[in-house]
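Bear in mind the structure is a predicted one, so any value in this text is a computation, not a measurement. To find a chain, count down the sequence lines: A is the first, B the second, and so on, and within it residues start at 1.
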2 protein chains.
Amino acid sequence: MTDQAVPAAEHPAERRPRQGAAAGKPATIYDVAHAAGVSHQTVSRYLKGFEGIRPETRAKVERALAELDYRPNLTARSLTTGRSRRIGALTHDIDKYGPSKILGSASAAARDAGYVLDVVTLDTTDTASIREALAIIAEHDVEGILALSSTDEMTHAFEGIDFRVPALIAAEPDEPSRVQSQLATVGMPALVAHLAELGHRRLIFLAGPHHWSAARNRTRALEVAAESQGIEVAAVLEGDWSARSGHELIRDLPEIDATAIVSANDQMALGAILALSERGLEVPGDVSVTGIDDLPDAAFYTPPLTTLRMDLSGRGRAAFAELLSRIDGSEAHEPAPVQSELIVRSSTGPAPR
Amino acid sequence: MTDQAVPAAEHPAERRPRQGAAAGKPATIYDVAHAAGVSHQTVSRYLKGFEGIRPETRAKVERALAELDYRPNLTARSLTTGRSRRIGALTHDIDKYGPSKILGSASAAARDAGYVLDVVTLDTTDTASIREALAIIAEHDVEGILALSSTDEMTHAFEGIDFRVPALIAAEPDEPSRVQSQLATVGMPALVAHLAELGHRRLIFLAGPHHWSAARNRTRALEVAAESQGIEVAAVLEGDWSARSGHELIRDLPEIDATAIVSANDQMALGAILALSERGLEVPGDVSVTGIDDLPDAAFYTPPLTTLRMDLSGRGRAAFAELLSRIDGSEAHEPAPVQSELIVRSSTGPAPR
DNA sequence: CTCGGTCTTGTTACCGGCCACATTGGTGCA
DNA sequence: TGCACCAATGTGGCCGGTAACAAGACCGAG
């Protein structure tokens, strides 16, 4: 409490020349404290929103803060608090609609919660490269890990790893659950019923790749719905979600032994429609086609696609919310169940007799 | 240098109970150093790849490292080095193909360079929300900032801000440059020439939203190419990149006073095709339609779309490379020029007389 | 045998925050 | 008037690394 200058024992910040935004390095709380004539701790308290600071002290701090254009250094903060406010996100096929939509909504949810997503993309689907990506994420000191695409390889890569932080795969789960049951109990039956009402009795299913849990989910839901409504599934053909694969599967079929094609996503349906038209078949005159997802573009296919609208944004948000609740131990407020809704457009019509 | 135990002055790590991966917190270099019987600095040197370590010391460190399942704490490292190995990425419309493709490729490039992208998504396009997103990014201690979508609002939001780190907008630039000139000098002229050869003399252009620099770019390139080849642009209609807008623009047109529609992207072309068919016009029999981008789906539209393939991945990679070179001051190895290539499919055909 | 240089390793300070604890000044009450 | 108590603020340590410098061991040369 003496006022006499102690030559070298001055505060570290003393040695640094006075600096504002224009100068070299960003201001720290020490710079601010010095400028305000208070201790760094007082600044820290102010920043934290501590109430018990005298008005005039508060004013001094505020002035210094503004003057130096202070911005907190989150790196330093997270070193002591252990909270980095960062979530590692892992995805492949980010250029595909589904994953990128989920990513976007998860990212928006993250932002609203003050988090940022550290995105690492995967080039390939093999377990080894997923592991590698996980290692990168782990180094970056994230508070949680979110996998945006749910394949067997992903599940496998997640097994037996000690992440030290919560990790989860955003998925249409294999196991019975809200999502699955909503699709299986409401969405898919509605789609099949729609076809049945139009007189269709045999359909071909274009499935997604089997190593995706969402694909298995959708296949099973379709089979159950068809069975229970007495609709025959003439064939289940496995594609890779792409329009190309939908096109090839239908193009290479010896004969179209059904009056309807149900596709596990809209893009394969798009390919199927083209292949049908190349075979001289009309949609929906000769064959009806349906998709799943309801891409924004699906309403503008020729013809506009009848499809099941899936709430992908909801999935991203729900996944993030779930992860967040695991991170801070708070109870996950039960997310609204993810809905699927039948959207009838003109790609479906009465079955030809 | 005495060996006698100094009660409380032991190393911090001493006080913590022995711990492996199974125990509480992750191991630090101090833990490793203690386990190996060396100083933490020796461990740090080993980790850095320092050569001058005696083989037996090296072995001890390696053993301890493995035993404790040590993983470096990047937060602590970046606090001293000032290098966080993190890039802030800013985008809206991440669920659209263009931005997500650019994001994906930028992210892949980042990963290869040992960086991670901190993604913040924008809900709206206004400058204020961009600024807010930038503030979030700035707090997260990134080494650079990359904006993935290039709108006027983005440019505006970037102006007059002291980022303290390199920041750039990945764009098809307004100013003459490689990208623009390749599109303007090669791609677009090829597209227009293709239509001219088919006998088209009047076309309608579906432009992207004017506040996107890429949209202005494409509009200007088209106008120039059309002018120089004696093709008349009957109308320039501004959409918002979506299939919906392409559909509405063509649907609401009093008359189709042209034999070809050139769209600034594939999705508006998709909407246009549907609108034409609803008007009873055949593509390409009555009207030819072209797009730009060459989405994977564009080859499977009905009819498959003639389009200009744009190298979006190249854009993402190039943007990241440029940013990286600004960060570490290295010379940017001139990236391969971004190419656009004419892809002729069946949505274009001879002009009706 | 001593001295300087090199090689290897250890010690201490520091990055920018937060936390626990210490200290100061003012107030109420006996 | 003295003292306990509380409100406001300051001090020092710590988080987990890196950097600068110091120190001990070993070497050859004078």
*asked:* Please enumerate all residues that pass side chain to side chain contact (heavy atoms under 4.5 Å, CB included) together with A:D123, with sequence neighbours excluded.
replied: B:A108, B:R111
*In chain order, what residues pass the side chain to side chain contact (heavy atoms under 4.5 Å, CB included) check against A:R85, with sequence neighbours excluded?*
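In terms of side chain to side chain contact (heavy atoms under 4.5 Å, CB included), with neighbours along the sequence ignored, A:R85 is linked to A:R83, A:Y115, A:E143, B:H140.
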*asked:* Mind checking if A:L47 touches a base, just sugar-phosphate, or nothing, with heavy atoms under 4.0 Å?
replied: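 Nothing, no nucleic acid heavy atom in range.
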*Reckon B:Y46 touches a base, only the sugar-phosphate, or nothing at all at heavy-atom distances under 4.0 Å?*
nothing
Nearest of [options] to any side-chain atom of [X]?
| X | options | value |
| --- | --- | --- |
| A:H40 | C:dG17, D:dT11, C:dT9 | D:dT11 |
| A:S39 | C:dT9, C:dC18, D:dG10 | D:dG10 |
| A:T42 | D:dA19, C:dT9, D:dT9 | D:dT9 |
| B:V38 | C:dC21, C:dT9, C:dG10 | C:dG10 |
| A:R45 | C:dG17, D:dT9, D:dG17 | D:dT9 |
| B:Q41 | C:dG10, D:dG16, D:dT9 | C:dG10 |

*With sequence neighbours left out, write down each residue that passes ring pair (Phe, Tyr, Trp, His ring centres under 6.0 Å) with A:F158, or none if nothing qualifies.*
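Applying ring pair (Phe, Tyr, Trp, His ring centres under 6.0 Å) to A:F158 gives A:F163.
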_Less than 4.0 angstrom between a side-chain N/O of A:S44 and OP1 or OP2 of C:dC18, yes or no?_
yes
*State whether A:Y30 places a side-chain N or O below 4.0 Å from either non-bridging phosphate oxygen (OP1 or OP2) of C:dC14.*
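Looking at the OP1 and OP2 atoms of C:dC14, neither is under 4.0 Å from any side-chain N or O of A:Y30.
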*Is the count of non-hydrogen atoms from other residues, nucleotides or ligands lying under 6.0 Å from B:E132 atom CD greater than 12?*
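Open: at most 12 neighbouring heavy atoms sit under 6.0 Å from CD of B:E132.
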Please table the atom pairs, donor to acceptor, closer than 3.5 Å between any side-chain atom in residues 46-61 of chain A and protein atoms at least two apart or in another chain.
from	atom 1	to	atom 2	distance (Å)
A:Y46	OH	A:E62	OE2	2.9
A:R58	NH2	A:F50	O	3.2
A:R58	NH2	A:E51	O	3.3

*Tell me, please, which residues at least two apart from A:S107 pass side chain to side chain donor-acceptor pair (under 3.5 Å).*
B:T121
*asked:* Please determine whether any donor N or O and acceptor N or O are separated by less than 3.5 Å between the side chain of A:R54 and the base of C:dG25.
replied: no
_For DNA chain D, the residues among residues 71-81 of chain A that have a non-hydrogen atom under 4.0 Å from it_ = A:L79, A:T80
